[in-house]
Amino acid sequence: MKNVYDILMERGYIEQATAEEEIRDLLGRESVTFYIGFDPTADSLHVGHFIQVMVMMHMQQAGHRPIALLGGGTAMVGDPSGKSDMRKMLTQERIANNARLFQKQFSRFIDFGENKAIMVNNADWLLDLNYIEFLRTIGVHFNVNRMLSAECFKNRMEKGLTFLEFNYMIMQAYDFLELFRLHNCKMQLGGNDQWSNIIAGADLVRKVEAKPAYGLTFSLLTTSEGKKMGKTESGALWLDAEKTPPYEFYQYWRNVDDRDVEKCLALLTFIPMEEVRRLGSLEGSAINEAKETLAYEVTKMVHGEEEAIKAQTAARSLFAGAEESDDIPFTQIEKTRLDEGVDIISILVETGLASSRSDGRRLIRQGGIYINADRIESEDQIISTEDLDDGKILIRKGKKVYHQIRI
RNA sequence: GGAGAGGUACCCGAGUUGGCCAAAGGGGGCAGACUGUAAAUCUGCUGGCAAUGCCUUCGCUGGUUCGAAUCCAGCCCUCUCCA
């Protein structure tokens, strides 16, 4: 069987490692317990987290034991890594609630049965720490001069860093030590922005326990232009179907830049690498096949096969201009209102296609709104029962945003 | 605690001898053309509304004035230097 390190390397996950050869040997030799931390700062995981989850899945398939660490404690401090401003503090209840939601989502991807994987919350050991005792046993091992020169604080050296956030690194390092003691966890994985925090942890374990500990980081999901991927107009691309509907999720991947397709296939699907390379090398419009595959596979993993098929069918029919599909976002409007007729601007605002009535007028003026394939010419157009087609009205905004009105 | 600089729309950033400022320019975003549901390029739009006008907006509160992003007072916040 192939060494999982090589698999991760081939697919392009690995960015930095504390001791490349040693880690590779270790992973090839024994079942290793490792952890990745997730701070529950939102009520759903997003694609940025998903890449970490992918790594956990690869590792678990290779016989290693993942620990999903929920940062119920660290989220109360907030990671300053790479951020130019301090985040707003979250309440304890919010964090606990988010942690519960994260937990549910993890279970979809990782098998937590029979000691195959572990989920823990660092609130369990961080919240009750005694300050003086902590400083004396853990604090002594940290050199402030060195910490300040860490890459992750670089942004903050100009803008200012609070003592609260400065402690984040120490807390994360302590997590590693705690997991080493509790579960014999030898390795911490994470996004490349976590490098400083990870080596701090590995160092701490080595100093305190005199045993080897390793760190490994993965490339962040960025576009060919260097921007973070998974950003949409409404914020992040969430894994929660309530926050990002499967159709929208599918469309995001269907629309990625040509140059990013291969990378995404490698990082976000389990498609064999020969196939990934073939799809990635398709030229011209043929590369749409690769994008469809990408969108389908990722959606399937996150939302299940049924939703993936629905999203794909909906997208195909809409863009082929053929028959409609029901699996696109829709808004219900009472029939009595349609009987009387509703002005198009109101419809646009109610469906969320326009952010305000002014925005709606603008869209129409610029020719960006279509009802059942007909371009709207007048801002005063009235939508009524006559526009119904099989109980539905299809609205298109721009080239590819579809929405349905149902009664 | 002391000295200085500054807070402008989604972001950056002009504007501070008071009216010509819903506020230059850039970025981002949206729409149009082109196209492959891609990129690049070009064009338009980008506070709200019952829209040739009206309302709200330039850190907050009050003041001067016919009129304030621009002047005055107090307050809050940020940054730099000093302690």
Side-chain angles (χ1 to χ4, degrees), chain A residues 83-89 155-162 165 222-237 245-265 279-296 298-299 308 311-322 324-325 327-329 342-346 348-371 373-382 394-403:
Chain A
K83 302 203 169 53
S84 53
D85 294 298
M86 185 169 155
R87 300 190 197 191
K88 56 171 183 270
M89 290 214 242
N155 280 305
R156 301 307 287 280
M157 294 317 286
E158 291 173 16
K159 279 230 158 190
L161 177 70
T162 60
E165 299 169 283
T222 51
T223 67
S224 55
E225 284 163 357
K227 286 186 208 142
K228 256 194 186 169
M229 259 185 130
K231 290 277 179 201
T232 68
E233 49 189 314
S234 46
L237 196 62
Y247 173 79
E248 201 179 303
F249 187 85
Y250 178 95
Q251 279 299 302
Y252 182 88
W253 302 110
R254 180 62 245 268
N255 281 313
V256 296
D257 192 305
D258 285 7
R259 293 165 292 181
D260 296 323
V261 177
E262 187 167 330
K263 180 166 68 186
C264 289
L265 282 166
L279 288 168
S281 64
L282 292 173
E283 300 270 341
S285 61
I287 201 162
N288 281 316
E289 179 197 341
K291 294 187 187 183
E292 235 186 21
T293 307
L294 170 68
Y296 177 77
V298 183
T299 308
Q312 184 161 63
T313 314
R316 278 180 178 166
S317 58
L318 285 174
F319 286 92
E324 293 176 28
S325 166
D327 297 298
I328 58 170
V342 184
D343 68 284
I344 181 66
I345 307 274
S346 297
L348 292 176
V349 172
E350 281 179 49
T351 52
L353 290 170
S355 60
S356 66
R357 297 182 67 81
S358 296
D359 188 35
R361 287 176 205 279
R362 215 173 283 139
L363 282 165
I364 293 169
R365 219 177 295 140
Q366 302 194 112
I369 297 296
Y370 296 78
I371 295 282
D374 297 323
R375 181 179 261 176
I376 297 292
E377 304 290 349
S378 163
E379 296 172 23
D380 305 318
Q381 182 116 359
I382 300 294
L394 184 70
I395 309 177
R396 173 155 72 88
K397 174 195 155 201
K399 279 177 286 187
K400 49 199 180 192
V401 181
Y402 289 90
H403 200 96

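Convention: sequence-line order gives letters A, B, ...; per-chain numbering from 1.
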Q: For A/K399 and for A/Y250, locate the closest nucleotide of RNA chain B by heavy-atom distance; then report the residue assigned to the nucleotide nearer the 5' terminus.
A: A/K399

Q.
By nearest heavy atom, map A/V349 and A/E283 onto RNA chain B; which one lands nearer the 5' end?
A. A/E283

Pick base, sugar-phosphate or nothing for [X], based on heavy-atom distances below 4.0 Å to the nucleic acid.
X      : result
A/I287 : base
A/G367 : sugar-phosphate
A/S356 : sugar-phosphate

Does [N] have OP1 or OP2 under 4.0 Å away from a side-chain N or O of [X]?
X      : N      : result
A/R375 : B/rA31 : no
A/R396 : B/rU37 : no
A/K400 : B/rA38 : yes
A/R254 : B/rA38 : no

Q) How many angstroms lie between atom OH of A/Y402 and atom CD1 of A/I328, to the nearest 0.5 angstrom? A) 8.5 Å

Q. Does a salt bridge link A/K291 with A/D257, judged by any charged N lying under 4.0 Å from a carboxylate O?
A. no

Starting the side chain at C-beta, find the nucleotide from [options] nearest to [X].
X      : options                : result
A/R361 : B/rA51, B/rC30, B/rA38 : B/rA51
A/D258 : B/rG36, B/rA39, B/rG44 : B/rG36
A/Q366 : B/rU37, B/rA39, B/rG44 : B/rG44

Q) Tell me: CD1 of A/I364 to C1' of B/rA31, nearest whole Å? A)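 Whole-Å distance recorded here is 12 Å.
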
Q: Give a yes or no answer on whether the side chain of A/R254 reaches the backbone of A/V256 with a donor-acceptor pair at less than 3.5 Å.
A: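 It does not hold such a pair.
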
Q | For the student: nearest non-hydrogen atoms of A/L353 and A/D359, plus distance | A | O-OD2, 4.5 Å

(Q) Using atom C1' in both nucleotides, what's the gap between B/rG25 and B/rA9 to the nearest angstrom? (A) 14 Å

